[in-house]
Amino acid sequence: MTTAATETAKPKTSRDWDLRAVAPFVALALLLVLGALANDNFISVANLSNVITRSAFIAIIALGATYVISSGGLDLSVGAMVAFVASLMIMFLNSGAIADPLLLLIAGMALAVAIGAACGLFNGLITTVGQIEPFIATLGTMGIYRGLTTWLSQGGAITLRDRELQSLYRPVYFGEVLGVPVPIIVIFLTAAIAAFVLYRTRYGRHLIAVGSNEDVARYSGISVKRVRTIAYVVQGLCVAIAVLLYVPRLGSTSATTGILWELQAITAVVVGGTALRGGVGRIWGTLCGAFILEIVGNIMLLSNFVSEYLIGAIQGAIIIIAMLVQRSLSRRS
Amino acid sequence: MTTAATETAKPKTSRDWDLRAVAPFVALALLLVLGALANDNFISVANLSNVITRSAFIAIIALGATYVISSGGLDLSVGAMVAFVASLMIMFLNSGAIADPLLLLIAGMALAVAIGAACGLFNGLITTVGQIEPFIATLGTMGIYRGLTTWLSQGGAITLRDRELQSLYRPVYFGEVLGVPVPIIVIFLTAAIAAFVLYRTRYGRHLIAVGSNEDVARYSGISVKRVRTIAYVVQGLCVAIAVLLYVPRLGSTSATTGILWELQAITAVVVGGTALRGGVGRIWGTLCGAFILEIVGNIMLLSNFVSEYLIGAIQGAIIIIAMLVQRSLSRRS
Amino acid sequence: MTPQPSSDRLPILEARSLSKSFGPVEVLRDVSLTVLPGEVHAIIGENGAGKSTLMKILAGNHQPTRGDILIDGQLIHLTGPVDAEKRGIVLVHQEILLAPDLTVAQNIYLGRELPKGLTLDDRAMNEGAAKGLRELGADIDPKAIVGTLSIAQRQLVQIARVLLVPHRIVIFDEPTASLTPFETEALLKVIKDIRAKGVGVLYISHRLPEVKEIADRVTVLRDGRLVGTHLASELEPADMARLMVGRDVAKLYPDRQSGAARETVLEVENFDVPGYAKNASFQLRKGEILGFAGLVGAGRTELMEGLVGVRRASGTVRHNGQAVHFRDASQSMKAGIVYLSEDRKGKGLLLLKDLATNLTLASIRRFVRALQIDRKREAEALDGAIREFDIRTGRKDLLAGQLSGGNQQKLLIAKMMMLDPSIVIIDEPTRGIDIGTKQQIYKFIARLAEEGRSIIVVSSEMPELIGICDRILVMRSGQIVGEVTGEHMNENEIVVLATGVKTGEAA
Amino acid sequence: QEEKKATIGVSIPAADHGWTAGVVYHAERVAKLLMEEHPGLNVIVKTSPDPASQANAVQDLAVQGIDALVILPTDPDPLVNAIQQVKDSGTFVALVDRAPSNNDNSVRDLYVAGNNPALGEVAGKYIAETTPDAEVVVIRGLPIPIDQQRQDGFDKGIEGSNVKVLERQYGNWNRDDAFRVMQDYLTKYPKIDVVWAQDDDMVVGILEAIEQSGRTDIQYVVGGAGSKDMVKRVMDGDKMVPVDVLYPPAMIATAMQLTADGLFDQVPVNGEYILDATLVTKDNAEQFYFPDSPF
Ligand SMILES: Nc1ncnc2c1ncn2[C@@H]1O[C@H](COP(=O)(O)OP(=O)(O)OP(=O)(O)O)[C@@H](O)[C@H]1O
Ligand SMILES: Nc1ncnc2c1ncn2[C@@H]1O[C@H](COP(=O)(O)OP(=O)(O)OP(=O)(O)O)[C@@H](O)[C@H]1O
Ligand SMILES: [Mg+2]
Ligand SMILES: [Mg+2]
């Protein structure tokens, strides 16, 4: 598709991409400075660790989205999937199917992972075997997952009832290991695995090839459908991991759980430097993007200048400015 | 010699694509049959004219989205833009800047069109001159437009106060010409103009070229940025037209006006057969897509089978099935 | 001293000491040349010598790092391709640059549509496009969507498009690489016509006989430097080859004994590729080189794609006596059958990825150790491939799309050879490849055959098929219409079969 | 004398809907008043669009250091943990409006609430009394617990009467969606006596749909919450909107007031303050009409 473009439009060598990859981190650094100016508490360890901790849901989901997007797909159903998987998990835990609380909890977590993977597989099969444009396919499954959640909750909430179970599960979100909150560990662990698979394994190579040029991948003996489908399954697994952190934090779901998270996840991916047209995946950039989103919100909250009504507008403006900063950085290279 | 050399060459012509273009209409027809089975009232003139009338907003916005998408762009800000333009328009009408109600109304409508175009221009410039991925750029402006609306309305509603003005303006939505509701006329008129520009003029040709292959367009002396920017302006104009119909309907806006309309508009475009990657634009398909979306909702409500909790799920499923039908139709061709 | 055919003509275009660097790599150094009105000036050189780069500078696509461009003796600064077009310099790119979703006529008139009131005069444009294409000997429907055309057809459309612009200088960058002799002949005739009108033509080709036929002067580039400009009448193709490569290229085709006597490894019976090929039946023997000849659109490519499973097809295929049906390329690769696409940009290489990634894409399995890709071995493999296939690249961290056209082709061959296949199907193996490298590739193919592998060569260059194949099958309209072997292997026989017309009429 | 210094954090839903906009309006209004009243007092108001980000907002407030938290949760159950954390650190917590399934002193010190079930019940009772044999269509909000509570209250209100609910559908607390749903109800049911919409925003759309259809069988529409537009209609004696059920966004103000009193006047404040879901009629409408409120 891109052949002989003007020389300035294309990067000169693979090395020049690196500056583009660094850009999100520069934007993040600028935001940190801005935050420090806005409020003294901002740069405190407590606040920053809070911010990173709670970016966990979006960050982890966005890791999966990085896979889907770099394979040339898109998944709009992740927010609804969070609600669906979390609802089923809580219902299972409430059912008390297993007497021992710890076993029950572990079974519940395994179930969540399985359901997440199944939802991802369903998305993947519809887009690849059904050959439906991912945007529409996952918009459809978004409706399906959210509808089923509404139905499961009969319009109300699904809440983890067992106190004992709750306190058993609590540390998964609120706990710390060596002073580091568990969610932060989970974020970086998931990202490390995701980065390893994407950058160092055969599957990762295939994924990028499929996203770059489907035909080339096909002619190189890569099963495009399988690779894409697996990307959606990875997305499902990431959603499940996010749910494993979500349930101990909020302990309850309703039909509105995770609404618009898909947009946030995609935004994190794109802010992180992964192009929506596929063929490029930046795991660490995505994390950075997720942190940026959360920090923007945090700064808004901590600073007291902005009218409540304008928060959305300022957030939008900051994202655009962050992208412009990135753009000008990578253009200078 | 020359004839012999290429006697076998009979590649596909533009005509062979037609089956793909027809597919959305087939899906629509199937839905109409389904609806007729679900409820006797469905096929009544009153109901169908209701349904088409109220699809007007999405349909008209989706016409603009067809432009943006076939140029290779995307606009997520249209829903917020509806709220923003409508709020400013109503505030202007409420200001009573002009004594004569009719003149005031006309000025207000002109203002709405101007603001719509300006918002579109803003989107266009950010994506083209700022070179930001359209997804992020318009997500940012979506935040901006919605934030400004919230701020203007202080979170509440902005309501057209002048009763006289209201009754003067009402017929624009509720009126009929020769028995045809005005919004239906506006839909088809806008579509006809949109189709004319897209299929028959130089600009339309350039738009498709830009969406099909940016480099080729650039080499052909087409100003890619200008063409894309104009597409966003067209989108802004379509939003303004939708607003002109929206305001007389309820005479008020709030921060929730137009929420998620961007997804509906994009869905209508894609269901209508326009690919998200750009380079193809199907105006009539888009209209068909908008009708399909509205009719699915209508059938859900009129039929008695579906629990209110499951409506979302069934809607999602129907969209996927409609796409599968299309897909299998166009594959057989 | 640069020879001039006649001294009374002033050059329309002059390049003075042009240099061009991409980053630290200088790909052109101090190249000067002139183009006179009414002359065809050929540029030849090895792959990566800088021909395309030079042409892109002259057509405003690149800015030179140093040096001047003069038109009619006036120093000018080209701001871009559009600016160059306004001054009458037009370029037929080596790569296909067309909008795939538009029709042929829409592409041809893109950017300069004929208006009719507020609308466009589609009828006139369709007629104009048809006329332009007819002159090129191409009977392509102006209403066809470009995305559905074959590479050759697209190339013709691209040429037609450029010729429709008012022009004083036309630059052809390997226009004939994907054309058959028929279309080539028609194109050369068109070039002669425009030369007669006083237009200056710059012409790049690796087909030296063609250069000999059409050119008035020949400029040779080597490693980005000017070797010299000569009158074409004073150069034979062999001289050109020597000047380009810097050594004698005496024998293009390798000597080899026929591997015809050995056992059959692939047996194809009544093979159908819906819409493209019907009832194809043939056999491939061990150690054999089997050629497939035919005109553009004969369906050779699609037949091969069907065989390896990247295209829907039906029929009987026996591989080493076993019935097989490949549903995708991974299955055929597992069986040791690989296919090298003719469309190296669309189906061969990831243009935005680096060389190593491309090289190992199909064979990545071999580079995995403990789940991990061994980057060091990948880099070694790249070094090996660069050596073995003589891939000319200034830096190893280049993206595949930044290689010169011919070097991309070499990279593609290297990529597929990483699989160590037993049956190799090569589609247009030497498209856009310089003569020195061609010789290497033929040698390489012969060596593969000697090693006991079987090779199918699909090519539109009859001399090459005749030069290296044991047998040649000829296709017409999707059917295998005949086989030529032994002393029947000559262009005449093939043309008769390919066109279904007696030679006398076909000329 | 030197006044004590204190900070109250107020966490409320974003103004993304008429009623919540009213909440924001009243919160900011009272914040200003309280800070004038107590020079040492700092009131920080933060809005959040969804439970997850509200949990974050609560955390952010805690980081800034607050002496009391006044919270109106977007969705109570998911926020229990976040609230609990604040409460456990010794901060005074006032919970407003929406109760989690476990709503006792371990979670909060003070509970100020409108009464969601009562909102439904009052509407149901009114319909059952005014039109005992009515055929009613219902337009619900979003599928979340408060909607369910209102629904259950409504069913309780019409219990034992002849009132028949033809159908319930979601209108997403959005006037455009309500318009659409009402149009389809009108197509589907040849006779509808009463519409209950549990929210005034949706009533705007419903009334337009009815007017457009030209149907006269619909006797009246009952909304809920007490938006100024609807209260005005009641006041003016609009036949289609004879009553409204109050669910005042000003309850946030009550809670903030009580909290401040607790901090400064050292009066122990705790327990539950349940505000009534008052039926607004032509007679009492005037006292609930705030023309300056955005809601
Ligand atoms: N954008 C670029 N960045 C870096 N190097 C480039 C770029 N474009 C071309 N090159 C390098 O410049 C050299 C000359 O390339 P060019 O395309 O001019 O060769 P060519 O003579 O046309 O070869 P061929 O016959 O194979 O088409 C090659 O080594 C190529 O890799
Ligand atoms: N994408 C396509 N859709 C429809 N028809 C096509 C398409 N590509 C090629 N064709 C047609 O299929 C036939 C065979 O294609 P093609 O020209 O690739 O054959 P070929 O023998 O490989 O020729 P060559 O390789 O010399 O171009 C021709 O009639 C061509 O016009
Ligand atoms: Mg070249
Ligand atoms: Mg071919």
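Only heavy atoms go into these numbers, but all of them, side chains included; no hydrogens, no water, no symmetry mates. A note on names: the letters A, B, ... follow the listed sequences, proteins ahead of strands, and every chain is numbered from 1.
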Can you tell me which portion of A:F196 sits under 4.5 Å from chain C's heavy atoms? Options are side chain, backbone, both or neither.
side chain
Does some side-chain heavy atom of A:V216 sit less than 4.5 Å from a side-chain heavy atom of C:L361?
yes
Would you mind reporting whether C:T360 and A:R202 have side-chain heavy atoms less than 4.5 Å apart?
no
If we define contacts as heavy-atom pairs under 4.5 Å, which of [options] has the most with chain A?
| options | value |
| --- | --- |
| C:K415, C:E305, C:Q331 | C:E305 |
| C:A329, C:S363, C:G60, C:S332 | C:A329 |
| C:L349, C:D328, C:N358, C:V368 | C:L349 |

Is any NZ, NE, NH1 or NH2 atom of the basic residue among A:R205 and C:E378 found under 4.0 Å from an Asp or Glu carboxylate oxygen of the other?
yes
Around atom CZ of C:R327, are there more than 12 heavy atoms from other residues, nucleotides or ligands closer than 6.0 Å?
no
Nearest 0.5 angstrom please: A:T201 OG1 to C:Q372 CD, how far?
9.0 Å
So which residues of residues 217-231 of chain A are in contact with chain C at a heavy-atom cut-off of under 4.5 Å?
A:R218, A:Y219, A:S220, A:G221, A:I222
Which of residues 61-72 of chain A get closer than 4.5 angstrom to chain C, counting heavy atoms alone?
none
Relative to chain A, which segment of C:K347 carries a heavy atom at a distance below 4.5 Å: side chain, backbone, both, or neither?
both
Segment of C:R375 engaging chain A (4.5 angstrom heavy-atom cut-off)
side chain
Okay, side chain of A:N213, backbone of C:G346: is any donor-acceptor separation there less than 3.5 Å?
yes
